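These numbers come from the heavy atoms of this one structure, side chains and all, not from hydrogens, waters or symmetry mates. If you're wondering where the values come from, they're calculated on a predicted model, not measured in any experiment. Atoms within each ligand, like the ligands themselves, are counted from 1 in listed order.
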Amino acid sequence: MTRHIPKAEIHCHIEGAAPTDLVRSQAQKYGVDMDHLIDGDRFVWADFTSFLEAYDAAAALFRTEEDYALLAQSYLTSIAEEGAIYSEVFISPDHARLAGLSPEAYVNGLGEGIARARESHGIEGRLIVTCVRHFDSEAAIDVARFAAARPHPFITGFGMGGDERIGSHADFARAFDIARDAGLGITTHAGEVAGPDSVRDALEHVRPTRLGHGVRSIEDPALVDQLAQEGIVLEVCPGSNVSLSLYSGFDEHPLPALMEAGVRVTLNSDDPPYFATSLGTEYAIAQDAFGLSDEELLKTTRTALEAAFVDEETRSQLLAKL
Ligand code: HPA
Ligand code: ZN
């Protein structure tokens with residue numbers, strides 16, 4: 001039981017946080033057949049490619065400002081009930097645009113949902129605008145410009161998700177420069193479905209302070225040393241990694257070895273209903289499968305808050321809750 005441990009999450013995709021019953025009701029509302037992609041409380045997918053396809057299809061069912069307000073509110077309140085005090089969600093204006101929603105309405109809805117959850121449950125939330133690696137890199141520049149204009153005070157970071165097996169971070173360097181120059185925090189997915197070379201590529205071209213996943217850095221000891229030396233924080237999502245078969249089980253997962261090597265790690269749910277997980281479940285996995293003590297769990301929360309893309313006053317207030 002980890003309910004009593006204060007938690008913080010810095011890697012969760014808001015479109016990927018919509019549970020099956022919500023996606024089913026959105027599908028009904030918009031008259032879309034999702035039966036082939038939902039089976040009971042499970043999304044149907046078999047590998048990383050079909051996972052991304054199911055994710056994109058579900059995202060297309062959130063079409064209004066209020067759809068997103070409800071999604072953000074329900075996600076943040078659900079993790080607050082598991083003990084979360086802070087949440088950064090990855091958002092994707094490209095997915096909103098494909099669903100016919102303007103980026104402005106999208107972030108207004110999400111911001112409204114965060115404000116409602118703060119009001120009812122005291123949880124603090126921020127938005128990380130992401131571009132999508134398997135969409136084109138010109139679109140990424142538009143997304144970065146949108147984020148750089150700071151259209152909402154909760155937008156504090158910029159990142160990239162999508163299919164890591166495609167292209168290089170070099171193709172997105174300009175988008176990341178635009179975001180960094182605007183003072184946004186930088187993170188990106190690397191070292192998940194691709195190995196150490198992909199992590200080095202990310203570090204070289206976009207200079208993130210955090211990495212989404214990064215776990216496959218373990219395959220190169222020199223890279224692990226570099227991450228430890230530079231204090232790069234890994235947004236680790238063990239349930240996601242095992243679900244996507246990066247590792248055959250938690251006993252194969254490198255989180256303990258990364259901690260042992262002095263790499264700063266955090267615990268995250270990524271796309272919780274797709275991977276039958278939640279933030280609380282990730283802390284429970286860390287306790288039960290990796291043997292982390294309450295103190296070590298608390299340390300991962302502290303690391304997340306230290307690495308959070310948030311103003312210093314809010315950071316201090318959050319750290320004081322530990
Ligand atoms: N990896 C990469 N891109 C993503 C993911 C993920 O786990 N979830 C949503 N977009
Ligand atoms: Zn992710």
Is [X] in contact with ligand 1, taking contact as a heavy-atom separation below 4.0 Å?
X      : answer
Tyr274 : no
Glu15  : no
Gly162 : yes
Phe48  : yes

ask   = Which distance, rounded to the nearest 0.5 Å, do you find between the SG of Cys237 and the CG of Leu246?
value =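 The distance works out to 10.5 Å.
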key: For atom 8 (N) of ligand 1, the protein heavy atom that lies nearest, with its residue and separation   =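 Nearest protein contact, heavy atoms only, for atom 8 (N) of ligand 1 is Asp271 OD2, 2.8 Å.
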request  = Considering heavy atoms of the protein only, find what lies nearest to atom 5 (C) of ligand 1 and give residue, atom and distance to 0.1 Å.
outcome  =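 Scanning the protein heavy atoms, the shortest distance from atom 5 (C) of ligand 1 goes to His13 NE2, 3.6 Å.
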task = Could you tell me whether a side-chain N or O of Glu235 sits under 3.5 Å from a main-chain N or O of Asn268, the two making a donor and an acceptor?
result =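 Not confirmed, Glu235 side chain does not pair with Asn268 backbone.
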query = Taking Gln287 for the side chain and Thr2 for the main chain, is one N or O donor matched with an acceptor at less than 3.5 Å?
reply =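 Not at all, since once roles are kept as given, no pair shorter than 3.5 Å links the two residues.
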Ligand 1 atoms in contact with [X] (distance to a heavy atom under 4.0 Å):
X      : value
Asp270 : 6 (C), 7 (O)
His213 : 7 (O)
Gly161 : 3 (N)
Glu192 : 1 (N), 2 (C), 6 (C), 7 (O)
Phe51  : 5 (C), 8 (N)

ask   = When the ring centroid of His253 is compared with that of Phe290, is the distance short of 6.0 Å?
value =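 Yes.
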inquiry  = Between Tyr55 and His95, is the ring centroid distance below 6.0 Å?
reply    =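 Yes, close enough.
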ask   = Pick one: which of Leu101, Val107, Asn108 meets side chain to side chain contact (heavy atoms under 4.5 Å, CB included) with Tyr68?
value =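 Only one of Leu101, Val107, Asn108 forms a side chain to side chain contact (heavy atoms under 4.5 Å, CB included) with Tyr68, namely Leu101.
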[X], portion touching ligand 1 at heavy-atom distance under 4.0 Å:
X      : value
Glu164 : neither
Phe275 : neither
Tyr55  : side chain

ask   = Any side-chain heavy atom of Tyr86 within less than 4.5 Å of one from Ile10?
value =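 Yes - at least one pair of side-chain heavy atoms lies under 4.5 Å apart.
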inquiry  = Check for me, please, whether Ile141 and Leu98 land in the same ILVMFWY cluster - side-chain distances under 4.5 Å, paths through other members count.
reply    =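 Ile141 does not cluster with Leu98.
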inquiry  = Does Leu255 form a side chain to side chain contact (heavy atoms under 4.5 Å, CB included) with Leu267? I'd like the steps, not just the answer.
reply    = CA-CA 10 Å; Leu255 182 120; Leu267 292 166; 4.2 Å; yes
Does any N, O or S atom in [X] come within less than 2.8 Å of the Zn ion (ligand 2)?
X      : answer
His13  : yes
His11  : yes
His189 : yes

inquiry  = Does either side chain, that of Ser198 or that of Asp201, offer a donor lying less than 3.5 Å from an acceptor on the other one?
reply    =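 Checked: Ser198/Asp201 side chains show no N/O donor-acceptor pair below 3.5 Å.
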request  = Give the intermediate values and the outcome of side chain to side chain contact (heavy atoms under 4.5 Å, CB included) for residues His189 and Met160.
outcome  = CA-CA 6 Å; His189 282 65; Met160 180 163 72; 5.9 Å; no
inquiry  = For N/O/S atoms only: which one belongs to Asp270 and is nearest the Zn ion (ligand 2)?
reply    =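 Distance check against the Zn ion (ligand 2) picks out OD1 in Asp270.
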